Amino acid sequence: MKYTDYAIISGLSARRGKRDFVSFADQELEIVIEDTPENRVNALGQIHAKNNIEDSYILTLESELISVLSRMEIQWVGFDKTKLSDIGVRIRWDIKKLEQEIYEIVGENININSPKQLQTLFFETLGIKPLRKNKTGYSVDVDVLEEIAKTHDIARLILEYRGLMKLSGTYVDGLMKAIDSRDGRIHTTYDSLGAATGRMSSNDPNLQNIPTGNGYAREIKECFIPSTWNILLVADYSQVEIRVLAFLSKDESLISAFQNGEDIHMRTAKFLFGENTEISSHMRRIAKSVNFGVIYGITGFGLAKTLDCNTWEAQKYVDAFYEKYPGVRIYYDELLENARKNGYVETYFGRRRYIPGVNDANKTMRSIAEREAMNMPVQGTAADMIKIAMIELDTKIREKQLVGKMILQVHDELVFDIPLSEKEIFEKMVRETMEWVLKNTWEFLPIIVDISTGRNWAEAK
DNA sequence: CGAGGAGCGA
DNA sequence: ACGTCGCTCCTCGA
């Protein structure tokens, strides 16, 4: 049955999507086409033509990536069904126990998965003051429950319950359904143009959001295993987005920090709290949030929420960041100026995203658009880099007639299923290729790839 | 079946 | 109003 979902296109296997049209950036084509990778890239080409983009490297890149992705999709990933099944039994047991505990405290069998019933419990029965509203009522999300948990233990239990339900539903049951009955492997579908920034997306099942934590989460990741006699090799770009920001902005402090091999979060922490200050783990955590936040176009309010501090304090950190890395501020100013003038932003490799909202009359809409504009070139350039590396690696693997295969991509990470005998050659080849994509700039901005291996995905990470 | 809320990843 | 990009599960009501 599963194969009825597939269409053979140009001798390659690719799955048909549900959509019957192709869109790119914020411009929908006025044509209805069969949703295939080839047609999507074709549509991308039409968008380029319509906007007078010539000699687009992105078009070449996306064309070449189609067959690479199809080979990854065909390969599939090994999976330990027995182990997942055992995890499922234990999680369900824990859920049952938590359920009983919660019912006991509440005094009745409420549906813990219903935000509506939780609202009634907290804000009416228990008389707790609501923290935040959403479209349908008062929010009972993790931030709110963390706050309530300070005074009511029940909130802690509900958070635990939610975490286990997520693992049980999305990962245990979800992955169990995705295991192929014939060979026990799992197959995902990639959408190369899945995100507006140029990132890919993965679905059915999504293998780009497998839990990374400890406990059950780690056990689930341990279920992803190599083929018989093989090992998994995981290669990931180290702090690639901040490095890309350094590269695009040419900020001197940011670049020199990477040149000197400094811990970038520590570098920012020193900037925020003083060169001679002993940086605590708390301070480093703040600096890390600021570093990431800047890439997302953060505001004082948003950072305050993340750090659980007041807006004034958070804004102070954001201001300090831009003061210490002035090149970043200039870069963003010029970027937004260009976005307002041209209506789009683009990556280093020329991938575009149209963002008409930067000139919207509505301040809120404009702010959203500005954050999108600020983030896209960073996230998109990183996406371009790994896509280029994937094409190059796919070619090399076949040229060298290696047995190992590239099987997964998780935004800044590639996973390979390889024989132990090919470990050294893969390590060297993968590192060199992934770092090579910005080779012409390596002189002033080191790109670092971390590689590890193991008998399962958790061990290799 | 779809919207909304929630939570998992980079 | 309030940090980017995704996908999937659950509830609830049409």
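Residue numbers start from 1 in every chain, and the chains themselves are labelled A, B, ... in the order their sequence lines are given, proteins ahead of strands. Model, not experiment: these values are computed from the prediction.
- Reading DNA chain C from its 5' end, the first and the last nucleotide to sit under 4.0 Å from a heavy atom of chain A are C:dA1 to C:dG13.
- Judged as a ring-ring contact (aromatic ring centres under 6.0 Å, His included), the pairs with a partner in residues 137-173 of chain A (not counting sequence neighbours) are, in order, A:Phe123-A:Tyr138.
- Between the NZ atom of A:Lys461 and the P atom of B:dG9 there is a distance of 12 Å, given to the nearest Å.
- Residue contacts shown for A:Ser367 are absent, as no nucleic acid heavy atom lies under 4.0 Å away.
- Atom P of nucleotide B:dA10 and atom CG of A:Asn375 are separated by 16 Å, given to the nearest angstrom.
- Remark: side-chain polar atoms of A:Ser249 are paired, donor with acceptor, to backbone N or O of A:Leu245 under 3.5 angstrom.
- Of the charged side-chain nitrogens involved, at least one lies within less than 4.0 Å of a carboxylate oxygen, so that A:Arg132 and A:Asp141 count as a salt-bridged pair.
- Within the 4.0 angstrom heavy-atom criterion, base atoms lie near A:Arg199.
- Under 4.0 Å is where a charged nitrogen must lie from a carboxylate oxygen, and between A:Arg329 and A:Asp251 no such pair does.
- Between A:Arg90 and A:Glu219, at least one side-chain N (NZ, or NE/NH1/NH2) sits under 4.0 Å from a carboxylate O, which counts as a salt bridge.
- Two residues are said to be in side-chain contact when any heavy atoms from C-beta on lie closer than 4.5 Å; A:Leu84 and A:Asp80 fail this criterion.
- Heavy-atom contacts from other residues, nucleotides or ligands closer than 6.0 Å to CG of A:Asp333 number more than 12.
- Taken residue by residue, residues 129-157 of chain A places no heavy atom nearer than 4.0 Å to DNA chain C.
- A salt bridge between A:Glu372 and A:Arg353 is present, with a side-chain N of the basic residue lying under 4.0 Å from a carboxylate O of the acidic one.
- Between the P atom of B:dG9 and the CH2 atom of A:Trp457 lies a distance of 12 Å, rounded to the nearest Å.
- The existence of a salt bridge linking A:Glu427 and A:Arg431 is excluded, since no basic side-chain nitrogen approaches an acidic carboxylate oxygen closer than 4.0 Å.
- Annotation: of the two residues near DNA chain C, A:Ser202 and A:Asp173, the 5′-most nearest-nucleotide partner is A:Ser202.
- Taking a 4.0 Å limit (strictly below) on heavy-atom distances, residues 94-127 of chain A reaches DNA chain C at A:Asn111, A:Asn113, A:Ser114, A:Lys116, A:Gln117.
- Judged by distance alone, with hydrogens and angles left aside, the side-chain atoms of A:Thr347 form no donor-acceptor pair with the main-chain N or O of A:Gly380 at under 3.5 Å.
- Rounded to whole angstrom, the span from the CE atom of A:Met165 across to the P atom of B:dC8 amounts to 13 Å.
- In this structure, A:Lys288 forms no cation-pi arrangement with A:Phe292, as its terminal cationic atom is not both closer than 6.0 Å to the ring centre and no more than 45° off the ring axis.
- Here, C:dC2 and B:dG4 have their P atoms 15 Å apart, quoted to the whole Å.
- Looking at A:Arg351 and A:Asp384, a side-chain N of the basic residue comes within less than 4.0 Å of a carboxylate O on the acidic one, giving a salt bridge.
- We find that A:Lys461 and A:Glu413 are joined by a salt bridge, their nearest charged nitrogen and carboxylate oxygen being less than 4.0 Å apart.
- Per the geometry, OH belonging to A:Tyr161 stands 13 Å off P belonging to B:dG7, to the nearest Å.
- With both ends at atom C1', the span from C:dA1 to B:dG7 equals 22 Å, rounded to whole Å.
- Results of the ring-ring contact (aromatic ring centres under 6.0 Å, His included) test with A:Trp457 over A:Phe416, A:Phe224, A:Phe79 single out A:Phe224 as the only residue that passes.
- Taking the six-membered ring for Trp, A:Phe321 and A:Tyr317 have ring centres at least 6.0 Å apart.
- For A:Leu408 and B:dA10, the CG to P distance is 13 Å, given to the nearest whole Å.
- Ion pair A:Glu370/A:Arg340 flagged as a salt bridge, since at least one NZ, NE, NH1 or NH2 atom sits closer than 4.0 Å to an Asp/Glu carboxylate oxygen.
- Within residues 322-332 of chain A, no residue has any heavy atom under 4.0 Å from DNA chain C.
- For A:Thr212 and B:dG9, the shortest distance from a side-chain N or O to OP1 or OP2 is below 4.0 Å.
- Residues of residues 292-317 of chain A having a heavy atom closer than 4.0 Å to DNA chain B: none are found.
- With hydrogens and angles ignored, the 3.5 Å screen pairs a side-chain donor or acceptor of A:Gln117 with a backbone N or O of A:Asn111.
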